[in-house]
Structures are given as C-alpha cells and as structure tokens.
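Here the structure comes first, spelled out in structure tokens, and everything after it is commentary.
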Amino acid sequence: MATFLYRLGRFAFRRRGLVALLWVVVLAVAGGAAASASSAASGNITIPGTEAQKAFELLEDRFPGSSPDGATARVVFQAPDGEKITDPENRAAVGEVVAELAKGEQVQQAVDPFRAKAVSPDGTIAYSQVSYEASGFELTEETRQALKDAAESGREAGLTVETGGDALAVIPHTGATEVIGVVIAAIVLLVTFGSLVAAGLPLITALVGVGISAAVITALTVPLDLNTTTPILATMIGLAVGIDYALFIVSRYRAELAEGRAPLDAVGRATGTAGSAVVFAGLTVVIALVGLSVVNIPILTKMGLAAGGAVVLAVLVALTLIPALLGMAGKKVLPRRQRTAEGAAPASGAKEGAGVRWARFVLRRPVAVLLVSVVGLGLLAVPAKDLQLNLPDDGSQPTSTTQRRAYDLIAQGFGPGANGPLIVTVDARDSDDPKAAAQTTFQTLRGLDGVAAATPATFNEAGDTAMINVIPKSAPSSAGTEDLVHDIRGEAGGIADSTGAEVLVTGQTAMAIDVSQKMDDALAPYLVLVVGLAFLLLIVVFRSILVPLKAALGFLLSVVAALGAVVAVFQWGWLADVFGVEQTGPVMSLMPILMVGLVFGLAMDYEVFLVTRMREAHVHGESPQESIVTGFELGARVVTAAALIMISVFAGFIGSSESMIKMIGFGLAVAVLFDAFVVRMAVVPAVLALLGKAAWWLPRWLDGILPNVDVEGEKLQRELAGSGDGEKTPQTAGSRS
C-alpha cells in the first residue's frame, strides 16, 4: 500500500498541471450536470416491510386519484374573541377562503369545514383540509403563494388564520454559522501550519471534493428520489474529512521537508505513509456509512451512500490533488523563517511540546487518567437513558411559525390527538360482507380506551376497501398514541378471524412509530456488522487484537455520551437557548443509528492517525512507552487541529433551519469533542501504557495469514534505503516543522 501510494504521490507531483486540470474538468462537468438537472428533492420517508407502509400502498392502489403521497395543508380558522366561527359573517369569510383555496392549480380538493363537521365543540375553531396532487417539494412557488394569500384573505376579514402541513415544506438551509465554521477551520489551519499556503491547500481541496459530490448528488436527486437532507449531510461529512485528510498529508510533507528531503521525495513519502492512514481511515468511515443500508429504510440508505461517496472523493482528492498542489507550492508550505533558515543546525535541548508533556503525564498516572475519563463520559451519558424517539412534525417547529400555531390551535379546539389522526384501512376483498366487516372494525375501534373519536367507514368505488379515521386522545408523539396503535393492531387478528377482512394502521403518526421500531430492531445488527468489519480492518492495519478492541470500546463511550448530550439539549432543554433550540421534544428516530454510523467512522479516523504513529515508532524499535510519547510528539498537534476543524465544521450546521440537520450537527460536534480529546487523547494512551507490549500482541498463526498493508511504510523505507532513493537536500537539513 505505502509503496503504491508513494509512486502515486510522485506521479501527481511530476504531472501536477495535468492532475489539477483533470480535477477542474471533473468539477466543471459535475457542476454542468447539476445546473441542468431538476433540484426537486423528495420529502417522503418510506419504510418497506412495515404495516404502515403496506397500508399506505394499499390505499394508493385501491383509491386511485386520491394522491395519498400528495402534499396536504390544514388551514385553521379561529373566531375573534367573544365570537363564534359559526356566526354568519365569520362563516362567510371561511367559505371565501376555502373557495379561493380550491382554485389552486395543483389543488385536488379543499374541504369546507362546516360540511366536514371540522368545527370545535365550543364553536370557536374550524379547519379546512387541503389536498394537493403533488408532494410538498414538488409544489410550485405559485401554489405555495396562493396558499399564503388565501390565509391572508381570512386575516383581513378579522379571523385568526394559521396554516400547517407539508405543503409549506421548503428545502432546508444552513445559516451563517456554517460559513463561520469554515472560517474557524481556516484559522486553525493557519495557526497549525504558520503558513498561508499550507493552510489554504486543505481548504481548497476539501471544497473541490465537496463541490463535486454536491453537484453529483444534485444531478441525481430526481432520478434517485433523494431526500432534501442528503446533500447537506454529504456536504457536512465531505467537508470535515476532506480538510482532515489533506491536513495529515500536508503535515507529513512538511515533516519530510524538515528532515531534509527533496520536495519530490518528501511528497512521495508523505503520500505513502500519511496517505495509507488516510485510505484506511476513509475505509472505516465508508463502511460505517454504507452499512446504514442494513436498516432497509431507503432515505437512510441513500444518505449513507451519498455521504460515503463524498468520503471516497475526499480520499481521492487528498491522494492526488494535494501532491499536485504541493508540487506547485514547493517549500512555500513552510513558514517563512524555516524557508530562509538554510543550513540551520538542528536545535538542541528544544522545549518539549504540549503533546509530549501530556503523554508523559498519562504514562505516570494511567489508572487515574483512565478512571476520570471513563467516569466523566459515563456521567455525560446518563441522559441517554431517557431517550425518546419520534419523527419531527409541526409540533416540533418553533412557536414563531404558522405551522406550530396551527398545530396548537388544532390541539386547543379538537384535542391533542387531532394533530396525528390514524388511518385504519379495512381490506375486505376476501370478506363475504365488506360493509359488515367495516362496521365491526368501526365498533371495535370506538371501544378502545385511547380513541377520542372515529369516523364511519369510507369505501372505494369497488366497495372492497374502507378507510376509518381515528383520532387518539393523546398527542402524536406521546406513549399513549403508540400504545393505541399497538392496541388496534392487536385487535386486527380477531377481526380477521370473524370477518375475513385485514385491518391495517397507517398515517404519518403510525409511520413515525414504525420507523422508531425499525430503528430499534436494526441497531444491534448494524453495530455488529459495522464494528465487526472495522475491527477486522483495524487488525490488518495495527496487526494487533487489543488495540482494535480498545478502539471499539472507546467509540461506544463517545457515542453514548454524545447521545446523552443530545437528549439533554434537544429533549430536556438544557442550554436550548445557547444552541438555538426553540422547541424541545423527542429525538429524531434516525438520530441514534445515524450517529452510531458517522461517529464510529470519524472516531476510527483519529485512532488510525494517532496510533499508526505509535505503531510506526514501535516497529522501528522503540519501547511501548517510548512509542506512545513519539506518537504524541509527531501526531498530537495535527490530530488536535483536525478535531478542532471537524468540530467547527459540524457546529456550523447547528444554524440550519431543519431540526434534523441542527441535531445531527450538534451531535457530531460533541461526539468528535468527546472522542478526540477524551477517548483518543486520554483513554487510548492510558490503556496502551497499562497493556505495555501486550497491546501489540498478535497470534503467530494470524500474523501469517494477514496481508501486510505496510501502513507504517516499513517496507517502503527498506526499499528506498536499498535503492539509495530519497537523499536529503542540505539546504533544509536540520530544520524542524
């Protein structure tokens, strides 16, 4: 591996103009494809194999033209204080708004609340259900504006009018904090390298990689029915790892120059050694992301594949474009004082860096450092025991939005369950008496404790399938509503035995419950698959059993502590104002498994980068304790910079308008903080110090069958020494980075 990458780096260095041009061409082609493609992203979540999805598809088939996957809007009317919505003047105003809504081009129907009996018991609130032929993200701006104009007409008539539903859904955007995150990353790079050129290279190459991946995702959005959050997640991950991977190669190149290597040889050695770590770090991230497909939820699979593709691009850019740009920059990547200090003698008695001092401190007190770190992360993980999962709805929107105000008015007038009605489908095709089957189902539903109301069955034209709307007594995200869904499904067997009809539950609330259940069921197999594959990969990289095991256990500490922080902020509301969380509630169902995948991959990044330096020193003859110090001396500063960059990039997405992206950005930022600065910088050296030589133990039989990927460049060093290649240049000999 190291030898191949050494040659690749030298080739890119020599043919730097051609390599740079090829990447520019790829970026231009991808950008052109994105510009000519439709950007209408999907907002739908399908969950194959669940009852809610099966019922949804049944409705789509048996009720043709109903557009069950089309957008909906709820226009909620409230009468002025002291008046009724049923008063003639107010009723006329509502009728005018509904008539205006029905004229919309993409509107399928706008229901009159008085005919549908959608008026609150106290007569002060009513709502009109508006159905559209297209999904929320396919609605035109004219259609959205017509909805807003109709609501404004009602307000001008003296009514309070608020609008909810996915018809108002917009593609999420990130705020200025994302740009601030990149600026902080640039500052960290400048401080780390002390050279504007060296600081700029990782940013340039990361933006190239992210630009290509974002353009490709945009071009494939419609053909692959990608979700709106897919490009944002790919950008988030691609930008973070792109900067980090380039950072490690540039840093190693500077170290090789400081050892007196000629630029061509320095870039070859940097690509061969640091590049090998980049390849295997990237592989762990890709494994974690692609492994999301085992959950069998298309949105998650596509997000994982897209982000995995962004990581692959980041690796390719780091291995080819960075050497090419280093060829153009030459020794300008060094600080000016080092470039002008030709023939400087090596410094004697240089002051130990912070990384070395910290490593020596951990070696003196490994048990204390280990206990403090583990107990601290354990305390941070405590809130995770209260984790509640659900999909976000209008109730999770800020109170300043019309969607949230509409949600609250519905709850005020009709009860909390009216915001999450259940759709019970009765498939009576195999029943001898479909109407009797539907009536039996209706009566059974009315008798359940958690049901506030149920509407009589509505049949399709064929008369073999019926829909019954059920209003729970509890809010959509509450445990009571989940219990009701399970109760209805529990009654389905008895109904089928007595009538021959199949009863299924669907609707957005049931979908959310099924997503959460599927996530719970998939988490354990996912962990086994991803951690298992990465464990095997790390055995190959480190040629050790205990080091990969320690890496996996450390990851579990990081991810559980990060989940605890997410619960504390987004569910309990701790420091909610600081992070811009306007509405607390259950954690998004996708969050735990998504965090497990992303954090595992990123955690292994730092494990590979830091421990390969230790492994390299140990392979070259140093004792286990000495190799820990050497690893920190050579890698701690760069790993610290990489972690700060990744934290700043992820934290930048906390300013997103989409609660899902905000939560992911926060979760990943704190996870990297815990993993890089507690697990990798404290737990790892403490455990290695306690294990001593046993850390690098590998059974002889296993050592014989494992491929030697030469991440440390030991084989490369022997080849270069034997060939006499890589001679040092006297003008830089003795200078240090």
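All values derive from a computational prediction rather than experimental measurement.
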_Nearest heavy atoms of Ala671 and Met595, plus distance in Å_ = CB-CE, 4.4 Å
*With rounding to the nearest 0.5 Å, note down the distance linking CG in Leu292 to NZ in Lys302.*
14.5 Å
*Rounded to the nearest 0.5 Å, what separation is found between the CD1 atom of Ile654 and the CD1 atom of Ile664?*
12.0 Å
*Flag for Asp521-Gln517: side-chain donor and acceptor within less than 3.5 Å*: yes
_Does any part of the side chain of Leu387, heavy atoms only, come nearer than 4.5 Å to the side chain of Pro592, both counted from C-beta?_
yes
*Hey, is the main chain of Gln108 close enough, under 3.5 Å, to the side chain of Ser131 for a donor-acceptor pair?*
no
*Those residues that, when tested against Lys54, pass side chain to side chain donor-acceptor pair (under 3.5 Å) (two or more places apart)*: Glu502
*asked:* Could you report the tightest heavy-atom contact between Thr163 and Ala406, atom names first, then the distance?
replied: C-CB, 3.7 Å
*Decide whether Glu141 and Gln145 meet the rule of one side-chain donor and one side-chain acceptor closer than 3.5 Å.*
no
*Is the backbone of Pro231 close enough, under 3.5 Å, to the side chain of Thr235 for a donor and an acceptor to pair up by distance?*
yes
*State, without any angle test, whether Gln78 and Thr124 hold a side-chain donor-acceptor pair at a distance under 3.5 Å.*
no
_For residues 444-472, which residue pairs pass the side-chain hydrogen bond (donor to acceptor under 3.5 Å, both in side chains) check, not counting sequence neighbours?_
Arg62-Thr465, Arg429-Asp464, Asn460-Asp464
_Does any part of the side chain of Leu159, heavy atoms only, come nearer than 4.5 Å to the side chain of Pro80, both counted from C-beta?_
yes
*Salt bridge or not for Arg144 and Asp149, using N-O below 4.0 Å?*
no
*Quick one: pull up CG in Asp483 and CD1 in Ile488 and give me the separation to the nearest 0.5 Å.*
11.5 Å
Side chains of residues 83-99: which donor-acceptor pairs under 3.5 Å do they make with residues two or more places apart or in other chains?
from  : atom 1 : to     : atom 2 : distance (Å)
Glu83 : OE1    : Asn90  : ND2    : 3.0
Lys84 : NZ     : Asp122 : O      : 2.5
Asp87 : OD2    : Lys84  : N      : 3.0
Asn90 : ND2    : Lys84  : O      : 2.8

*Is a side-chain donor-acceptor pair under 3.5 Å present for Thr499 with Ser431?*
no
*Can you tell if the side chain of Ser589 reaches within under 4.5 Å of the side chain of Val515, non-hydrogen atoms only?*
yes
_Does Glu51 have more than 12 heavy atoms from other residues, nucleotides or ligands lying within 6.0 Å of its CD?_
yes
*Exercise: identify the closest heavy-atom pair between Leu409 and Ile125*: O-CD1, 3.5 Å
*What distance do Thr506 atom OG1 and Met467 atom CE have between them, rounded to the nearest 0.5 Å?*
11.0 Å
*Do Thr481 side-chain atoms and Ser474 backbone N/O form a donor-acceptor pair below 3.5 Å?*
yes
*What are the two closest heavy atoms between Ala167 and Leu147, and how far apart are they?*
CB-CD2, 4.1 Å
*Say whether, by atom type as modelled, one donor and one acceptor occur between the side chain of Thr509 and the main chain of Gly420 under 3.5 angstrom.*
yes
*Would you indicate whether the side-chain heavy atoms of Leu59 and Thr425 approach each other to under 4.5 Å?*
yes
_Nearest non-hydrogen partners of Ala492 and Val503, listed with the distance_ = CB-O, 3.7 Å
*With a 4.5 Å limit on heavy-atom distance, are the side chains of Thr402 and Leu168 in contact?*
yes
*Residue list, side chain to side chain donor-acceptor pair (under 3.5 Å) with Gln129, at least two apart or on another chain*: Arg74
*Closest approach of Met519 to Ile297 (non-hydrogen atoms, all atoms of both residues)*: CE-CD1, 3.5 Å
_Non-neighbouring partners of Glu152 that pass side chain to side chain donor-acceptor pair (under 3.5 Å), sequence neighbours left out_ = Arg155
*With Asp408, which of Gln412, Arg405, Arg404 fulfils side chain to side chain donor-acceptor pair (under 3.5 Å)?*
Arg404
*Side chains of Thr72 and Val130 in contact at under 4.5 Å (non-hydrogen atoms)*: no
*Among residues two or more places apart or on two chains, list those pairs meeting ring-ring contact (aromatic ring centres under 6.0 Å, His included) that have a residue in residues 396-434.*
Tyr127-Phe414
*Please determine, by modelled atom types, if Thr584 and Gln571 share a side-chain donor-acceptor pair under 3.5 angstrom.*
no
*Is it true that a side-chain atom of Lys473 and a backbone atom of Gly450 form a donor plus acceptor pair closer than 3.5 Å?*
no
*To the nearest 0.5 angstrom, please state how far the NZ atom of Lys518 sits from the CD1 atom of Ile513.*
15.5 Å
*Will you find, in the side chains of Thr301 and Ser293, an N or O donor that is under 3.5 Å from an N or O acceptor?*
no
*Leu58 versus Asp427: any side-chain heavy-atom pair under 4.5 Å?*
yes
*asked:* Any heavy-atom pair between the side chains of Phe570 and Lys662 that's under 4.5 Å?
replied: yes
*asked:* Closer than 3.5 angstrom, by distance alone: can the side chain of Thr218 be matched with the main-chain N or O of Ala34 as a donor-acceptor pair?
replied: no
_Looking at Gln109, is its backbone amide N or carbonyl O close enough to the side chain of Tyr132 to form a donor-acceptor pair, meaning the two atoms are under 3.5 Å apart?_
no
*Nearest 0.5 Å, what's the CE-CG distance between Met511 and Leu422?*
12.5 Å
_Tell me whether the count of non-hydrogen atoms from other residues, nucleotides or ligands lying under 6.0 Å of CG in Asp497 goes above 12._
yes
